[in-house]
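Below is one structure, written out as structure tokens, with a few remarks after it.
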Amino acid sequence: MASEFPLFKTKVDSDKKFNLSDPSERWEYFHFKAGLEIEKIKTYLEENSFIAYMLGKKNSGKGTYSKLFIEIFGKDKVAQLSIGDLVRSVHQAVASDGHEKQSLIEFLKKNYRGYLPIDKTIDALLGRDLKTLLPTEFILALLKREISKVGKKALFLDGFPRNLDQVSYSLFFRELIGYRDDPDFFILIDLPEKVIEERMKYRRVCPLCQTSRNLKLFPTTKVGYRQDKDEFYLECDNPDCQTLTSRSPEMIIKEGQDLGMEGIRERLATDADLINKANSLYGIPKILLRNFMPVDRAEDLADGYEITPEYSYAWDEKEKKVSVVEKPWIFPDDSGIDSVSFLAPPVVISLIKQLVQTLNL
């Protein structure tokens, strides 16, 4: 698959360097590398929006890229909808058996059309009926309900289509949910299994804003140390979260993350089939994101600070603070070629520049 995803050059002739873990420096970086394109998209979003279907293997960065895009253009213009997060939130609401459950049922009575009765889909949602999968028609109804709350914003959909049967639904998604006549397109992400493995093992998520970071590969600006357990942890550096709490929230391990690669082999194979099928479709634009490259091409195509390093930490007992050790991270890609990976912001630069072309701005 990698051969179909072209290498993308982000290197510029400049001595400027940016700390891409720092939100303020990221802002400057984005405008330094893609300022003209950002202004074009901002102008477009004043009166228009779009629907982007993000397809990538588990831990490919779909949520991270979406949130960084929103960081640039604002929550008033762009929204990210994760099907997994949506189903979990609806599950909690239904399980509580309160007003939210009744509200959902009333909405489904007006908007759900499918082969299973509503009570059967609710049982499947709650796990009481383990043999029944949530039908696509039910997912579409949940999406329609969520989108009605979002308003007129550009949308990144993470987790739809989820299987091969849903690809056809995505081609007519706008009509199915009665949405605006927005441009729609696929965003396809390619990365080696080694990157997925490391992202999965060290991934941490903010419990408030759901921002994802990585203890080894993409930390926040705040690293803490828990002496009683001799372990290091990340604190979310999203300014919005810091205004909601008296201190930066501690990022946590996401549910199911401890199952490892073997627990997601079947899912990875399905995701690969989805990407290949979407990439072969005619009539719908595709944005191709590739977050890695051979080591011998890195110097020509990327600035050094854009390449993913690996981080380790040490606790300075005397100073009572965490010291951070950084070194290059080199790994074999799926073909055994020594490679390096991009940090998330350079991939978003690629997304921004391809989006301008896709929207003909």
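Taking the ring centre of F30 as origin, the terminal cationic atom of R26 falls outside the region bounded by 6.0 Å and 45° from the ring axis. In this structure, R226 forms a cation-pi arrangement with Y233, its terminal cationic atom sitting closer than 6.0 Å to the ring centre and no more than 45° off the ring axis.
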Next item on the list: Begin with the C-alpha distance, continue with both residues' side-chain angles, and end with the deciding distance and a verdict on side-chain contact (heavy atoms from CB on, under 4.5 Å) for I83 and I139.
Entry: CA-CA 8 Å; I83 305 304; I139 298 297; 4.0 Å; yes
Check: Between L86 and L81, does a side-chain contact (heavy atoms from CB on, under 4.5 Å) hold up when you go through it step by step?
Finding: CA-CA 7 Å; L86 174 59; L81 297 180; over 6 Å; no
Next item on the list: Step by step, work out the side-chain contact (heavy atoms from CB on, under 4.5 Å) result for I275 and D190.
Entry: CA-CA 9 Å; I275 295 169; D190 186 32; over 6 Å; no
Item checked: Chi angles and distances behind the side-chain contact (heavy atoms from CB on, under 4.5 Å) call for C241, C209 -> CA-CA 7 Å; C241 290; C209 70; 3.5 Å; yes
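The local environment of NZ in K229 is sparse, with at most 12 non-hydrogen atoms from other residues, nucleotides or ligands closer than 6.0 Å. For CG of D228, the number of neighbouring non-hydrogen atoms (other residues, nucleotides, ligands) closer than 6.0 Å is greater than 12. Within 6.0 Å of atom CD in E39, more than 12 heavy atoms from other residues, nucleotides or ligands are found, so the atom counts as buried in its surroundings. Counting non-hydrogen atoms of other residues, nucleotides and ligands closer than 6.0 Å to CZ of R297 gives a total of 12 or fewer. In the displayed structure, E266 atom CD is contacted under 6.0 Å by at most 12 heavy atoms of other residues, nucleotides or ligands.
Between the side chain of E25 and the main chain of N19, a donor-acceptor pair closer than 3.5 Å is present. Between the side chain of S350 and the main chain of F8, no donor-acceptor pair closer than 3.5 Å is present. A side-chain donor-acceptor contact under 3.5 Å links S341 to the backbone of N291. Side-chain atoms of K286 never come within 3.5 Å of backbone atoms of L188 as a donor-acceptor pair (strictly under, hydrogens ignored). At distances below 3.5 Å, at least one donor-acceptor pair connects side-chain atoms of N276 with backbone N or O atoms of A272. A donor-acceptor pair is defined here as one N or O able to donate and one able to accept, closer than 3.5 Å; no such pair exists between the side chain of R204 and the backbone of N214. S323 contributes a side-chain N or O that, together with a main-chain N or O of A314, makes up a donor-acceptor pair within less than 3.5 Å. Although no hydrogens or angles enter the test, the distance criterion places a donor-acceptor pair under 3.5 Å between the side chain of K62 and the main chain of G56. Under a 3.5 Å cut-off, the side chain of T220 and the backbone N or O of D237 do not form any donor-acceptor pair. Under a 3.5 Å cut-off, the side chain of R199 and the backbone N or O of S60 do form a donor-acceptor pair.
Note that OG1 of T308 and CG of L20 are 9.5 Å apart. Values are rounded to the nearest 0.5 Å. Taking NZ from K153 and CD1 from I147, the interatomic distance works out to 12.0 Å, rounded to the nearest 0.5 Å. The distance from atom CG of L268 to atom CD of E193, rounded to the nearest 0.5 Å, is 5.5 Å. Here the CG atom belonging to L274 is positioned 6.5 Å from the CZ atom belonging to R267, to the nearest 0.5 angstrom. For the atom pair CD1 (I118) and NZ (K120), the distance works out to 14.5 Å, reported to the nearest 0.5 Å. In this structure, L142 CG and Y112 OH are separated by 10.5 Å, a value rounded to the nearest 0.5 Å.
Counting only heavy atoms from C-beta outward, the side chains of V348 and L289 never approach each other to under 4.5 Å. Looking at heavy atoms from C-beta onward, L288 lies out of side-chain contact with I189 at the 4.5 angstrom threshold. Taking the side chain as every heavy atom from C-beta outward, P332 and S339 never approach each other to under 4.5 Å. Side-chain contact between L55 and D271: absent, with no pair of heavy atoms (C-beta onward) separated by less than 4.5 Å. Looking at heavy atoms from C-beta onward, F331 lies in side-chain contact with P192 at the 4.5 angstrom threshold. Using a 4.5 Å heavy-atom threshold, the side chains of F156 and F50 count as touching. Between W329 and K216 there is a side-chain heavy-atom pair separated by less than 4.5 Å. Between I41 and I352 the shortest side-chain heavy-atom distance falls below 4.5 Å.
Note: the hydrophobic cluster containing L45 also contains V356 (ILVMFWY, side chain heavy atoms under 4.5 Å, direct or indirect links). With hydrophobic clusters built from ILVMFWY side chains whose heavy atoms lie under 4.5 angstrom apart, V12 does not share a cluster with W27.
For residues 325-347, no residue pair satisfies the salt bridge (charged side-chain N to carboxylate O under 4.0 Å, His left out) rule, not counting sequence neighbours.
A salt bridge (Lys or Arg N to Asp or Glu O under 4.0 Å) with D303 holds for exactly one of K16, K33, K17; it is K33.
Under the 3.5 Å distance criterion, with hydrogens and angles disregarded, a donor-acceptor pair is assigned to the side chains of Q227 and E317. Side-chain atoms of T211 and K67 form no donor-acceptor pair, as typed in the model, at a separation below 3.5 Å. Side-chain contact of E306 with Y29: a donor-acceptor pair under 3.5 Å is present, judged by distance alone.
With respect to K77 and E46, a salt bridge is recorded, a charged nitrogen being found less than 4.0 Å from a carboxylate O.
Relative orientation of the F232 and Y225 rings is tilted, given thresholds of 30° and 60° on the angle between their planes. Using cut-offs of 30° and 60° for the angle between ring planes, the F69 and F73 rings count as tilted.
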